[in-house]
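No experiment lies behind these values; they were computed from the predicted model shown. First listed ligand is number 1; within each ligand, the first listed atom is number 1.
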Amino acid sequence: MQIIRGKDELADALADLRSSGGTVALVPTMGALHAGHMALISEARRLARHVVASIFVNPTQFGPNEDLDRYPRRVASDSAMLEQEGCAILWAPDAATMYPDGVEATVRAGKLGEDLDGAARPGHFDGVATVVARLLDQVRPDVALFGEKDYQQLAVIRQLVRDLALPVEIVGVPTQRDADGLALSSRNIYLSGEERIAARALPRALGEAARAVSEGEPVAEALAKARETLARAGFAPIDYVELRDSETLGPAGFPARPARLLAAAYLGKTRLIDNLPVPLRKRS
Ligand code: PAF
């Protein structure tokens, strides 16, 4: 695997890959890789001949009081994992390479990026859209893969690609979970032992609410119970627990249309997010 930090070097390495034939997949990451990222890489290998992963802790998607400085950085162990998984190129630019003129021209995520996580983290999805547009332009992959754990991010990126008519297929990969249900996240390492145990309440609350809604319980009641479960486990504040349309993330039209339950809440200083599909009601 080649580890590349400069744009010219990247262009040369991509030209070499392309000349050997076959398609290219891109897996954008911010590093601190775990089994969730490895599932993206393995799906990328299934879909394309060559896999490029990127690691860039993107400053433009962090708010002023967020965890940019303490975000885990471990390029050595990350690159060993990527190499073992059969990645051809690790694209690891620094901020000056990604934003050579500072952050002048940006991409706005639009309405979709202002709701839910975007309301709690103003500007976050503009930062994501800006860096993803640059990564797609730098690598020009045939396919790019993102985890469903960041479900709103995936929707924002799909919209970006549609609006700009970018020639790339966006693929969402299901969330990977620990044995107790907690979604894998690079930020889970911030949790204390006690918080890690309490964190199980998040997938449990969503699972119970998803089941209740799919069995016909009024949505408001199911969501209120999920909030109670989270509050009892020590989550505070709870940014949102919402049922939304799976595709548009607008108001849910369940059960006529597929829906998604999404939640974000703090355990101590750590903000956790998760989401689950709501099974459509079985017709009897
Ligand atoms: O999901 C992430 O790790 C990041 O938001 C992404 C897509 C790599 C953009 O920085």
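Between T97 and D94, the side chains place a donor N or O and an acceptor N or O closer than 3.5 Å (distance only, hydrogens not considered).
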Test log, rule side chain to side chain contact (heavy atoms under 4.5 Å, CB included), inputs Y190 and D67 | CA-CA 10 Å; Y190 298 154; D67 57 342; 2.8 Å; yes

Pair Y151-D117, side-chain hydrogen bond (donor to acceptor under 3.5 Å, both in side chains): steps then yes or no | CA-CA 10 Å; Y151 197 79; D117 263 8; over 6 Å; no

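The nearest protein atom to atom 5 (O) of ligand 1, hydrogens excluded, is given as Q153 OE1, 2.6 Å; this is a heavy-atom distance.
Contacts between V131 and ligand 1, counted as non-hydrogen atom pairs separated by less than 4.0 Å, involve the side chain only.
Short contacts between ligand 1 and Q61, defined as distances under 4.0 Å to a heavy atom of the residue, involve ligand atoms 4 (C), 5 (O), 9 (C), 10 (O). Shown in contact with P28 at under 4.0 Å from a heavy atom are these atoms of ligand 1, numbered in order with element: 8 (C).
Classification of E66 and R121 as a salt-bridged pair holds, one side-chain N sitting under 4.0 Å from a carboxylate O.
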